[in-house]
**Student:** 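Dumping the structure here so I can ask a few things about it.
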Amino acid sequence: MAHEERITTGVPALDEMMGGGLLPRQMVLVTGPPGAGKTIALLQFTLANLQQGRRCLYVSSSDDPEMVVENSLRFGWNFKPYLDSGQLRIVTFRLMDTDAGLTTNIRETMPRTIRESKADIVVIDSVTEFQDMCATDLERKGWTMELRWTLRDMGATALVAAEASGGAGITKYGIAEYVSDGIILLSRFTSEDTSEFVHVIQVLKMRWIQHSKELRAYRVTSKGLDIMSPIYTVLAAQGKKRESL
Ligand SMILES: Nc1ncnc2c1ncn2[C@@H]1O[C@H](COP(=O)(O)OP(=O)(O)OP(=O)(O)O)[C@@H](O)[C@H]1O
Ligand SMILES: [Mg+2]
């Protein structure tokens, strides 16, 4: 299909890696270790889609709406006008506020809140923290499936952060990677020639899309994620600084 609609990630080089962006109605994971830039990528995605006129719901498991707005301003991203106009809603469900009863409540109310938002774009930071609220593996799997079906029923496109697995799987619980349509994997390794680590991004899976199989170096900058060109990526891996090229 030549002119199929795509949903931008807000990072042009990442859109390119997947042939133009996400397909509408996909649920895509951004997974990686702490500090990889998952939250920053989600904020970038949210702003880009607000700018394109889409209704967005931002669901956080840790930051209050005020904190989300404040942290975004550090990057020059102003969500305030979109909140004021109602085009953006930010909701927080905090794990630390929960006792057993309330946890159950959140598991039930969160999908309902998402459904009732009627948003085009849903952003969740992070699915892992909500999965942490489930008492058993079966509950966790059920909740994750319910989230997927909620998004599908609404026709929303979703970008969802997930904590990386410390072991063999991709995410902590090994569920979200199969339930989602796509996986953007952030990782890092230490350069052989310098003591600095290098951030690396790859599109690990993207259903129905012919996507790049490249590993590309990226930096987290004051303007968000900056993915380097493949040539810079090779040099970065060898420890050469982009600026010195
Ligand atoms: N203004 C900035 N300029 C450049 N880099 C920044 C700036 N602010 C944060 N960073 C980088 O971004 C990292 C944090 O990114 P982010 O919060 O998106 O990570 P995360 O993957 O969501 O982590 P976690 O899993 O802990 O939530 C910091 O460790 C820092 O390296
Ligand atoms: Mg984060």
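All ligand and atom numbering here is 1-based and tracks the order in the structure. Throughout, numbering of the chain's residues begins at 1 and tracks the sequence. Just so you know, these numbers use all the heavy atoms, side chains as well, and skip hydrogens, waters and symmetry mates.
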**Student:** Of the non-hydrogen atoms in L14 and V203, which two are nearest, and what is the gap between them?
**Tutor:** CD1-CG2, 4.1 Å
**Student:** Can a salt bridge be assigned to the pair D132 and K172 using a cut-off of 4.0 Å between side-chain N and carboxylate O?
**Tutor:** yes
**Student:** Using a distance threshold of 4.0 Å (strictly less than), state whether atom 31 (O) of ligand 1 has a protein heavy-atom neighbour.
**Tutor:** no
**Student:** What atoms of ligand 1 come within less than 4.0 Å of a heavy atom belonging to S222?
**Tutor:**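 Near S222, the atoms of ligand 1 are 3 (N), 4 (C).
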**Student:** Could you identify the single nearest non-hydrogen protein atom to atom 28 (C) of ligand 1 and state the distance to 0.1 Å?
**Tutor:**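 Checked against all protein heavy atoms, atom 28 (C) of ligand 1 sits closest to G35 O, 4.4 Å.
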**Student:** Among all the protein's non-hydrogen atoms, which is closest to atom 25 (O) of ligand 1, and how far away is it?
**Tutor:** K38 NZ, 2.7 Å
**Student:** Do any N/O atoms on P34 end up under 3.5 angstrom from N/O atoms on ligand 1?
**Tutor:**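 No; the residue has no nitrogen or oxygen that sits under 3.5 Å from a nitrogen or oxygen of the ligand.
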**Student:** Which option, V220, D63, T31, owns the non-hydrogen atom nearest atom 12 (O) of ligand 1?
**Tutor:** V220
**Student:** Purely on distance, is any nitrogen or oxygen of F75 under 3.5 Å from one on ligand 1?
**Tutor:**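 There is no such contact.
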**Student:** Only heavy atoms of T221, strictly under 4.0 Å: list the atoms of ligand 1 that pass.
**Tutor:**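 Per the distance check, 3 (N), 4 (C).
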**Student:** How long is the gap from CD1 on I170 to OH on Y178, to the nearest 0.5 Å?
**Tutor:** 6.5 Å
**Student:** Could you grab the distance from atom CG of L23 to atom CG of D181, nearest 0.5 Å is fine?
**Tutor:** 8.5 Å
**Student:** Which residue and atom name correspond to the protein heavy atom nearest atom 27 (O) of ligand 1, and how close is it?
**Tutor:**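 I find the closest protein heavy atom is T39 OG1, 4.0 Å.
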**Student:** So I40 and W77, do their side chains get closer than 4.5 Å, heavy atoms only?
**Tutor:**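 A side-chain contact under 4.5 Å exists here.
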**Student:** Regarding T39, does it place an N, O or S atom less than 2.8 Å from the Mg ion (ligand 2)?
**Tutor:** yes
**Student:** Among all protein heavy atoms in this structure, tell me which lies nearest to atom 9 (C) of ligand 1, with the distance rounded to 0.1 Å.
**Tutor:**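 Protein heavy atom at minimum distance: I40 CD1, 3.9 Å.
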**Student:** Is it true that a side-chain atom of E177 and a backbone atom of T171 form a donor plus acceptor pair closer than 3.5 Å?
**Tutor:**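 Side chain of E177 to backbone of T171, a donor-acceptor pair under 3.5 Å: yes, one is there.
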**Student:** Taking NZ, NE, NH1 and NH2 as the nitrogens, is one of them in K38 or E129 under 4.0 Å from a carboxylate oxygen of the other?
**Tutor:** no
**Student:** Using a strict cut-off of 4.0 Å, indicate which atoms of ligand 1 neighbour a heavy atom of G37.
**Tutor:**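 Under 4.0 Å from G37, ligand 1 has these atoms: 15 (O), 16 (P), 18 (O), 19 (O), 20 (P), 21 (O).
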**Student:** Just by distance, do the side chain of R55 and the backbone of S117 share a donor-acceptor pair under 3.5 Å?
**Tutor:** yes
**Student:** Between R152 and W149, is NZ or CZ placed under 6.0 angstrom from the six-membered ring centre and within 45° of the ring axis?
**Tutor:**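 So R152 does make the cation-pi contact.
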**Student:** At a 4.0 Å threshold, what atoms of ligand 1 neighbour a non-hydrogen atom of P33?
**Tutor:** 21 (O)
